[in-house]
Protein chains: 2
Amino acid sequence: MVAAVVTASRALVAVSARSLAAVGEALTVPQFRMLVVLEAGGPVNLSRLAEHLAVNPSTAMRMADRLIAAGMVERTTDPADRRAAKLALTSVGQRVVHQVTRRRQEEITRIVGAMPAERRSAMVEALQAFADAAGEPQVDPGTYGELLLPGWN
Amino acid sequence: MVAAVVTASRALVAVSARSLAAVGEALTVPQFRMLVVLEAGGPVNLSRLAEHLAVNPSTAMRMADRLIAAGMVERTTDPADRRAAKLALTSVGQRVVHQVTRRRQEEITRIVGAMPAERRSAMVEALQAFADAAGEPQVDPGTYGELLLPGWN
DNA sequence: GTCATAACATGCATTATGCAAAATTTGCCT
DNA sequence: AGGCAAATTTTGCATAATGCATGTTATGAC
(Lines give C-alpha, C1' and ligand atoms only; values in the text may rest on other atoms or scores of the structure.)
Protein backbone atom coordinates (compact mmCIF):
# COMPACT_ATOMS: atom_id res chain seq x y z
CA MET A 1 0.00 0.00 0.00
CA VAL A 2 2.68 2.44 1.04
CA ALA A 3 4.87 1.42 -1.87
CA ALA A 4 2.04 1.93 -4.32
CA VAL A 5 1.40 5.48 -3.17
CA VAL A 6 5.08 6.36 -3.04
CA THR A 7 5.73 4.97 -6.50
CA ALA A 8 2.79 6.81 -8.00
CA SER A 9 3.96 9.98 -6.30
CA ARG A 10 7.38 9.65 -7.80
CA ALA A 11 5.88 9.21 -11.23
CA LEU A 12 3.89 12.39 -10.88
CA VAL A 13 6.82 14.36 -9.57
CA ALA A 14 8.88 13.21 -12.52
CA VAL A 15 6.15 14.43 -14.83
CA SER A 16 6.21 17.86 -13.23
CA ALA A 17 9.98 18.06 -13.41
CA ARG A 18 10.01 17.14 -17.08
CA SER A 19 7.28 19.59 -17.98
CA LEU A 20 9.29 22.30 -16.26
CA ALA A 21 12.52 21.37 -17.99
CA ALA A 22 10.79 21.26 -21.35
CA VAL A 23 10.17 25.01 -21.29
CA GLY A 24 13.01 27.05 -22.64
CA GLU A 25 13.18 29.36 -19.63
CA ALA A 26 15.43 28.15 -16.84
CA LEU A 27 12.85 27.85 -14.08
CA THR A 28 13.24 26.20 -10.71
CA VAL A 29 10.31 24.49 -9.06
CA PRO A 30 9.91 27.14 -6.33
CA GLN A 31 9.90 29.81 -9.00
CA PHE A 32 7.19 28.01 -10.90
CA ARG A 33 5.18 27.68 -7.70
CA MET A 34 5.33 31.43 -7.26
CA LEU A 35 4.21 32.01 -10.82
CA VAL A 36 1.30 29.62 -10.32
CA VAL A 37 0.18 31.36 -7.16
CA LEU A 38 0.40 34.73 -8.86
CA GLU A 39 -1.60 33.50 -11.80
CA ALA A 40 -4.31 32.09 -9.59
CA GLY A 41 -4.47 34.92 -7.10
CA GLY A 42 -3.86 37.95 -9.23
CA PRO A 43 -1.82 40.86 -7.87
CA VAL A 44 -0.93 40.30 -4.24
CA ASN A 45 1.40 41.90 -1.79
CA LEU A 46 4.54 40.21 -0.61
CA SER A 47 3.28 39.08 2.78
CA ARG A 48 0.27 37.30 1.39
CA LEU A 49 2.36 35.73 -1.33
CA ALA A 50 4.79 34.41 1.25
CA GLU A 51 1.89 32.99 3.24
CA HIS A 52 0.50 31.20 0.20
CA LEU A 53 3.89 29.67 -0.50
CA ALA A 54 4.45 28.95 3.20
CA VAL A 55 7.86 30.56 3.17
CA ASN A 56 9.48 33.41 5.03
CA PRO A 57 8.75 36.85 3.55
CA SER A 58 12.44 37.36 2.93
CA THR A 59 12.52 34.22 0.84
CA ALA A 60 9.55 35.32 -1.21
CA MET A 61 11.16 38.73 -1.52
CA ARG A 62 14.30 37.47 -3.18
CA MET A 63 12.53 34.91 -5.30
CA ALA A 64 10.36 37.73 -6.61
CA ASP A 65 13.48 39.78 -7.30
CA ARG A 66 14.86 37.02 -9.49
CA LEU A 67 11.60 36.55 -11.37
CA ILE A 68 11.39 40.30 -11.91
CA ALA A 69 14.92 40.27 -13.29
CA ALA A 70 13.84 37.45 -15.59
CA GLY A 71 10.90 39.52 -16.81
CA MET A 72 8.17 37.19 -15.58
CA VAL A 73 6.92 39.22 -12.63
CA GLU A 74 6.38 42.92 -12.11
CA ARG A 75 6.26 44.90 -8.91
CA THR A 76 4.25 48.07 -8.47
CA THR A 77 3.63 50.08 -5.35
CA ASP A 78 0.09 49.99 -4.06
CA PRO A 79 -1.17 53.59 -4.23
CA ALA A 80 -3.55 53.00 -1.36
CA ASP A 81 -0.77 51.76 0.94
CA ARG A 82 2.68 52.75 -0.15
CA ARG A 83 4.26 50.23 2.16
CA ALA A 84 2.75 47.38 0.20
CA ALA A 85 4.08 46.06 -3.08
CA LYS A 86 1.77 44.59 -5.66
CA LEU A 87 3.29 41.59 -7.38
CA ALA A 88 1.78 40.34 -10.61
CA LEU A 89 2.66 38.21 -13.61
CA THR A 90 3.85 39.84 -16.78
CA SER A 91 2.59 38.53 -20.07
CA VAL A 92 5.80 36.54 -20.33
CA GLY A 93 5.10 34.97 -16.95
CA GLN A 94 1.58 34.08 -17.98
CA ARG A 95 2.82 32.45 -21.14
CA VAL A 96 5.35 30.39 -19.19
CA VAL A 97 2.74 29.16 -16.72
CA HIS A 98 0.42 28.19 -19.51
CA GLN A 99 3.14 26.36 -21.39
CA VAL A 100 4.27 24.33 -18.40
CA THR A 101 0.72 23.55 -17.32
CA ARG A 102 -0.30 22.46 -20.77
CA ARG A 103 2.75 20.27 -21.12
CA ARG A 104 2.07 18.57 -17.81
CA GLN A 105 -1.58 18.00 -18.59
CA GLU A 106 -0.60 16.46 -21.90
CA GLU A 107 1.83 14.07 -20.29
CA ILE A 108 -0.56 13.03 -17.54
CA THR A 109 -3.27 12.54 -20.10
CA ARG A 110 -0.92 10.34 -22.09
CA ILE A 111 -0.11 8.27 -18.99
CA VAL A 112 -3.74 7.91 -18.02
CA GLY A 113 -4.52 6.93 -21.58
CA ALA A 114 -2.04 4.08 -21.22
CA MET A 115 -3.88 2.79 -18.16
CA PRO A 116 -6.63 0.22 -18.50
CA ALA A 117 -9.79 2.27 -18.81
CA GLU A 118 -11.60 0.37 -16.08
CA ARG A 119 -8.92 1.37 -13.59
CA ARG A 120 -9.30 5.11 -14.07
CA SER A 121 -12.42 5.86 -12.14
CA ALA A 122 -11.33 3.47 -9.40
CA MET A 123 -8.10 5.41 -9.11
CA VAL A 124 -9.81 8.75 -8.74
CA GLU A 125 -12.11 7.47 -6.04
CA ALA A 126 -9.33 5.71 -4.20
CA LEU A 127 -7.05 8.72 -4.29
CA GLN A 128 -9.78 11.02 -3.09
CA ALA A 129 -10.49 8.65 -0.25
CA PHE A 130 -6.81 8.67 0.64
CA ALA A 131 -6.53 12.45 0.54
CA ASP A 132 -9.71 12.78 2.57
CA ALA A 133 -8.36 10.38 5.17
CA ALA A 134 -5.16 12.41 5.32
CA GLY A 135 -7.13 15.62 5.73
CA GLU A 136 -5.58 17.17 2.64
CA PRO A 137 -7.64 19.88 0.91
CA GLN A 138 -8.46 19.25 -2.72
CA VAL A 139 -6.53 21.19 -5.33
CA ASP A 140 -7.69 22.82 -8.50
CA PRO A 141 -5.92 20.94 -11.28
CA GLY A 142 -5.63 23.81 -13.72
CA THR A 143 -4.08 26.26 -11.31
CA TYR A 144 -2.41 24.70 -8.32
CA GLY A 145 -0.65 21.75 -9.77
CA GLU A 146 2.42 21.52 -7.62
CA LEU A 147 3.22 20.02 -4.32
CA LEU A 148 3.01 23.01 -2.08
CA LEU A 149 5.48 22.40 0.67
CA PRO A 150 8.64 24.46 0.95
CA GLY A 151 11.74 22.41 1.31
CA TRP A 152 10.20 20.03 -1.20
CA ASN A 153 10.58 22.22 -4.19
CA MET B 1 -8.07 12.71 -12.50
CA VAL B 2 -5.04 14.97 -12.44
CA ALA B 3 -6.33 16.73 -9.37
CA ALA B 4 -6.84 13.46 -7.56
CA VAL B 5 -3.29 12.32 -8.15
CA VAL B 6 -1.81 15.70 -7.27
CA THR B 7 -3.82 15.93 -4.08
CA ALA B 8 -2.86 12.45 -2.98
CA SER B 9 0.75 13.24 -3.74
CA ARG B 10 0.64 16.32 -1.59
CA ALA B 11 -0.81 14.33 1.27
CA LEU B 12 2.01 11.83 1.08
CA VAL B 13 4.66 14.49 0.85
CA ALA B 14 3.22 16.15 3.91
CA VAL B 15 3.43 12.84 5.74
CA SER B 16 7.09 12.50 4.86
CA ALA B 17 7.86 16.04 5.92
CA ARG B 18 6.15 15.55 9.27
CA SER B 19 7.87 12.26 9.95
CA LEU B 20 11.18 13.94 9.26
CA ALA B 21 10.44 16.89 11.50
CA ALA B 22 9.31 14.60 14.29
CA VAL B 23 12.82 13.23 14.76
CA GLY B 24 14.97 15.24 17.10
CA GLU B 25 17.89 15.51 14.67
CA ALA B 26 17.75 18.46 12.30
CA LEU B 27 17.62 16.56 9.02
CA THR B 28 16.84 17.94 5.60
CA VAL B 29 15.07 15.84 3.04
CA PRO B 30 18.13 15.43 0.79
CA GLN B 31 20.11 14.33 3.81
CA PHE B 32 17.51 11.75 4.66
CA ARG B 33 17.55 10.53 1.08
CA MET B 34 21.26 9.96 1.35
CA LEU B 35 20.88 8.06 4.60
CA VAL B 36 18.21 5.88 3.04
CA VAL B 37 20.38 5.06 0.04
CA LEU B 38 23.28 4.23 2.32
CA GLU B 39 21.13 2.00 4.44
CA ALA B 40 19.79 0.14 1.44
CA GLY B 41 23.03 -0.14 -0.49
CA GLY B 42 25.60 -0.62 2.22
CA PRO B 43 29.02 0.99 1.90
CA VAL B 44 29.41 2.65 -1.49
CA ASN B 45 31.88 5.03 -3.00
CA LEU B 46 31.04 8.62 -3.71
CA SER B 47 30.43 8.29 -7.44
CA ARG B 48 27.92 5.51 -7.10
CA LEU B 49 26.20 7.32 -4.26
CA ALA B 50 25.89 10.43 -6.40
CA GLU B 51 24.44 8.35 -9.21
CA HIS B 52 21.85 6.81 -6.94
CA LEU B 53 20.82 10.25 -5.75
CA ALA B 54 21.00 11.67 -9.29
CA VAL B 55 23.14 14.57 -8.17
CA ASN B 56 26.59 15.84 -9.07
CA PRO B 57 29.45 14.14 -7.22
CA SER B 58 30.43 17.44 -5.68
CA THR B 59 26.95 17.78 -4.23
CA ALA B 60 27.08 14.31 -2.76
CA MET B 61 30.57 15.07 -1.50
CA ARG B 62 29.53 18.03 0.58
CA MET B 63 26.31 16.47 1.75
CA ALA B 64 28.36 13.54 3.00
CA ASP B 65 30.71 15.96 4.74
CA ARG B 66 27.80 17.42 6.67
CA LEU B 67 26.41 14.05 7.62
CA ILE B 68 29.85 12.95 8.74
CA ALA B 69 30.12 16.07 10.85
CA ALA B 70 26.74 15.18 12.33
CA GLY B 71 27.97 11.69 13.17
CA MET B 72 25.53 9.81 10.96
CA VAL B 73 27.92 8.74 8.19
CA GLU B 74 31.49 7.56 8.20
CA ARG B 75 34.07 7.65 5.46
CA THR B 76 36.89 5.13 5.05
CA THR B 77 39.38 4.68 2.26
CA ASP B 78 38.91 1.58 0.15
CA PRO B 79 42.11 -0.48 0.60
CA ALA B 80 41.66 -2.08 -2.80
CA ASP B 81 41.49 1.27 -4.58
CA ARG B 82 42.90 4.10 -2.60
CA ARG B 83 41.23 6.64 -4.85
CA ALA B 84 37.82 5.53 -3.70
CA ALA B 85 36.10 6.46 -0.47
CA LYS B 86 33.72 4.07 1.21
CA LEU B 87 30.72 5.79 2.72
CA ALA B 88 28.56 4.00 5.25
CA LEU B 89 26.00 4.71 7.95
CA THR B 90 27.09 4.89 11.54
CA SER B 91 24.90 3.33 14.18
CA VAL B 92 23.48 6.77 14.84
CA GLY B 93 22.57 7.10 11.17
CA GLN B 94 20.88 3.72 11.18
CA ARG B 95 18.87 4.65 14.22
CA VAL B 96 17.71 7.88 12.60
CA VAL B 97 16.62 6.12 9.41
CA HIS B 98 14.68 3.57 11.38
CA GLN B 99 12.98 6.21 13.49
CA VAL B 100 11.86 8.28 10.53
CA THR B 101 10.76 5.26 8.54
CA ARG B 102 8.80 3.84 11.42
CA ARG B 103 7.11 7.17 12.04
CA ARG B 104 6.08 7.49 8.44
CA GLN B 105 4.77 3.94 8.25
CA GLU B 106 2.72 4.60 11.34
CA GLU B 107 1.17 7.72 9.91
CA ILE B 108 0.38 6.16 6.56
CA THR B 109 -1.09 3.17 8.32
CA ARG B 110 -3.26 5.53 10.32
CA ILE B 111 -4.44 7.30 7.19
CA VAL B 112 -5.16 4.08 5.37
CA GLY B 113 -7.02 2.87 8.41
CA ALA B 114 -9.28 5.90 8.09
CA MET B 115 -10.12 4.98 4.52
CA PRO B 116 -13.11 2.80 3.71
CA ALA B 117 -11.73 -0.72 3.69
CA GLU B 118 -13.23 -1.55 0.32
CA ARG B 119 -11.26 1.26 -1.26
CA ARG B 120 -7.86 0.04 -0.21
CA SER B 121 -7.17 -2.78 -2.62
CA ALA B 122 -8.65 -0.71 -5.44
CA MET B 123 -6.23 2.07 -4.62
CA VAL B 124 -3.21 -0.18 -4.71
CA GLU B 125 -4.19 -1.63 -8.04
CA ALA B 126 -5.03 1.74 -9.54
CA LEU B 127 -1.81 3.31 -8.37
CA GLN B 128 0.25 0.44 -9.68
CA ALA B 129 -1.49 0.77 -13.01
CA PHE B 130 -0.68 4.48 -13.04
CA ALA B 131 2.96 3.94 -12.17
CA ASP B 132 3.24 1.20 -14.76
CA ALA B 133 1.75 3.46 -17.39
CA ALA B 134 4.25 6.16 -16.44
CA GLY B 135 7.11 3.68 -16.67
CA GLU B 136 8.14 4.30 -13.09
CA PRO B 137 10.04 1.44 -11.41
CA GLN B 138 8.49 0.09 -8.24
CA VAL B 139 10.04 1.09 -4.96
CA ASP B 140 10.70 -0.95 -1.89
CA PRO B 141 8.55 0.61 0.84
CA GLY B 142 10.86 -0.14 3.71
CA THR B 143 13.97 1.30 2.18
CA TYR B 144 13.39 3.80 -0.60
CA GLY B 145 10.53 5.82 0.69
CA GLU B 146 11.23 9.24 -0.68
CA LEU B 147 10.66 10.93 -3.94
CA LEU B 148 14.00 10.52 -5.59
CA LEU B 149 14.42 13.54 -7.78
CA PRO B 150 16.94 16.24 -6.94
CA GLY B 151 15.54 19.68 -7.04
CA TRP B 152 12.48 18.25 -5.42
CA ASN B 153 13.98 17.70 -2.06
C1' DG C 1 2.36 65.14 16.56
C1' DT C 2 4.15 61.08 18.47
C1' DC C 3 4.27 56.21 18.75
C1' DA C 4 3.09 51.50 18.03
C1' DT C 5 2.35 48.58 14.24
C1' DA C 6 2.55 46.81 9.66
C1' DA C 7 5.05 45.88 5.46
C1' DC C 8 8.88 45.67 3.00
C1' DA C 9 13.96 45.43 2.58
C1' DT C 10 18.54 43.94 3.80
C1' DG C 11 22.42 41.49 6.26
C1' DC C 12 24.07 37.17 7.66
C1' DA C 13 24.13 32.20 7.85
C1' DT C 14 23.27 27.39 6.11
C1' DT C 15 22.03 23.89 2.66
C1' DA C 16 21.63 22.16 -2.01
C1' DT C 17 23.04 22.34 -6.47
C1' DG C 18 26.19 22.22 -10.77
C1' DC C 19 30.37 23.12 -13.59
C1' DA C 20 35.20 23.31 -13.96
C1' DA C 21 39.67 22.40 -12.52
C1' DA C 22 43.15 20.17 -9.59
C1' DA C 23 45.16 16.18 -7.20
C1' DT C 24 45.71 11.41 -6.53
C1' DT C 25 45.58 6.68 -7.85
C1' DT C 26 45.04 2.89 -11.18
C1' DG C 27 45.75 0.37 -15.12
C1' DC C 28 47.39 -0.23 -19.60
C1' DC C 29 50.70 -0.07 -23.33
C1' DT C 30 55.01 0.25 -25.26
C1' DA D 1 60.21 0.88 -16.26
C1' DG D 2 58.10 4.74 -17.86
C1' DG D 3 54.47 7.35 -19.40
C1' DC D 4 49.84 8.42 -20.26
C1' DA D 5 44.85 8.09 -20.17
C1' DA D 6 41.08 7.31 -17.26
C1' DA D 7 38.77 7.06 -12.85
C1' DT D 8 37.87 9.13 -8.31
C1' DT D 9 37.74 12.35 -5.09
C1' DT D 10 38.27 17.05 -3.67
C1' DT D 11 38.11 21.99 -3.98
C1' DG D 12 36.94 26.66 -6.10
C1' DC D 13 33.39 29.39 -7.76
C1' DA D 14 28.69 30.51 -8.68
C1' DT D 15 23.55 30.52 -7.97
C1' DA D 16 19.03 29.42 -5.63
C1' DA D 17 16.25 28.60 -1.59
C1' DT D 18 15.64 29.13 3.05
C1' DG D 19 15.20 31.37 7.87
C1' DC D 20 16.25 34.71 11.57
C1' DA D 21 17.31 39.17 13.01
C1' DT D 22 17.45 43.96 12.04
C1' DG D 23 16.64 48.15 9.76
C1' DT D 24 13.48 51.48 7.05
C1' DT D 25 9.45 53.43 5.65
C1' DA D 26 4.51 54.20 5.73
C1' DT D 27 -0.03 53.93 8.29
C1' DG D 28 -3.15 54.72 11.77
C1' DA D 29 -4.61 55.70 16.46
C1' DC D 30 -4.59 58.62 20.28
Side-chain angles (χ1 to χ4, degrees), chain A residues 13 17 20-21 25-37 43-70 72-88 146-153, chain B residues 13 17 20-21 25-37 43-70 72-88 146-153:
Chain A
V13 167
L20 214 49
E25 320 276 343
L27 259 192
T28 69
V29 175
Q31 286 171 350
F32 180 62
R33 284 210 302 141
M34 178 172 281
L35 296 184
V36 167
V37 169
V44 288
N45 53 357
L46 186 67
S47 303
R48 275 197 35 147
L49 180 57
E51 284 171 14
H52 277 291
L53 295 171
V55 298
N56 197 287
S58 66
T59 297
M61 171 76 177
R62 281 168 255 229
M63 277 177 54
D65 287 343
R66 294 181 197 111
L67 289 172
I68 290 168
M72 299 185 224
V73 168
E74 72 181 344
R75 183 196 328 240
T76 57
T77 302
D78 186 351
D81 183 348
R82 296 210 309 279
R83 293 171 300 182
K86 285 291 185 191
L87 297 170
E146 298 303 316
L147 311 173
L148 293 179
L149 266 72
W152 277 89
N153 302 288
Chain B
V13 167
L20 214 48
E25 319 276 344
L27 260 192
T28 68
V29 175
Q31 285 171 351
F32 181 63
R33 285 208 304 139
M34 179 172 279
L35 297 185
V36 167
V37 170
V44 288
N45 53 354
L46 187 66
S47 301
R48 276 197 35 146
L49 180 57
E51 284 170 15
H52 276 291
L53 296 171
V55 299
N56 196 288
S58 66
T59 298
M61 172 78 178
R62 281 168 254 228
M63 278 178 53
D65 287 344
R66 294 182 196 112
L67 289 172
I68 290 168
M72 298 185 224
V73 168
E74 73 182 343
R75 182 195 331 240
T76 58
T77 301
D78 186 352
D81 183 348
R82 296 210 311 279
R83 292 173 299 183
K86 284 293 185 191
L87 297 169
E146 298 303 315
L147 310 173
L148 292 179
L149 267 73
W152 277 89
N153 301 286

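By convention in this document, chain letters (A, B, ...) are assigned in the order of the sequence lines, proteins followed by strands, and residues within each chain are numbered from 1. Worth knowing before you read on, the calculation uses all heavy atoms, side chains too, and leaves out hydrogens, waters and symmetry mates.
With rounding to whole Å, B:Leu46 atom CG is found 17 Å from C:dT25 atom P. Atom CE of B:Met63 and atom P of D:dT9 are 15 Å apart (whole Å). Residue A:Arg62 contributes atom CZ, which lies 15 Å from atom C1' of C:dT15 at whole-angstrom precision. One atom, CD of A:Glu51, and another, C1' of C:dC8, lie 14 Å apart when rounded to the nearest Å. The interatomic distance linking B:Leu49 (CG) with C:dT17 (C1') rounds to 15 Å, in whole Å. Whole-Å rounding puts the B:Met61 CE to C:dA23 P distance at 15 Å. When the P atom of C:dA16 is taken as reference, atom CG of B:Leu27 falls 9 Å away, rounded to whole Å. Distance A:Arg83 CZ to D:dA26 P: 10 Å, rounded to the nearest Å.
When distances run from any side-chain atom of B:Ala84 to the nucleotides C:dT10, D:dT9, C:dG18, the shortest one goes to D:dT9. Which of D:dA17, C:dA16, D:dC20 sits closest to the side chain of B:Gln31 comes down to C:dA16. Closest to the B:Arg75 side chain, of the nucleotides D:dT10, C:dA16, C:dA6, is D:dT10. Checked against C:dT17, D:dT11, D:dT27, the side chain of A:Arg82 finds its nearest nucleotide in D:dT27. Comparing D:dG19, C:dT17, D:dT9 against the side chain of A:Asn56 picks out D:dG19 as the nearest.
Of the side-chain N and O atoms in A:Thr59, one or more sit less than 4.0 angstrom from OP1 or OP2 of D:dG19.
In summary, the side chains of B:Ser47 and B:Asn45 do not present any donor paired with an acceptor at a separation below 3.5 Å, with no hydrogens or angles considered.
Mapping A:Arg66 and A:Asp81 onto DNA chain D by nearest heavy atom places A:Arg66 closer to the 5' end of the strand. Along DNA chain D, the nucleotide nearest to A:Asp78 and the one nearest to A:Ser58 differ in position, and the one closer to the 5' end is contacted by A:Ser58.
How far CG of A:Leu67 is from CG of A:Leu87: 9.5 Å, rounded to the nearest 0.5 Å.
Within the nucleic acid shown, A:Thr28 comes within 4.0 Å of sugar-phosphate atoms alone, with no base atom in reach, counting heavy atoms only.
Heavy-atom neighbours of B:Arg48 CZ from other residues, nucleotides or ligands within 6.0 Å: at or below the threshold of 12.
Put simply, the side chain of A:Ser47 and the base of C:dC8 share no donor and acceptor less than 3.5 Å apart.
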Legend entry - Audit row: B:Val37, B:Arg33, side chain to side chain contact (heavy atoms under 4.5 Å, CB included) steps and yes/no: CA-CA 6 Å; B:Val37 170; B:Arg33 285 208 304 139; 5.6 Å; no
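Between A:Asn56 and A:Met61, every side-chain heavy-atom pair lies at or beyond the 4.5 Å cut-off.
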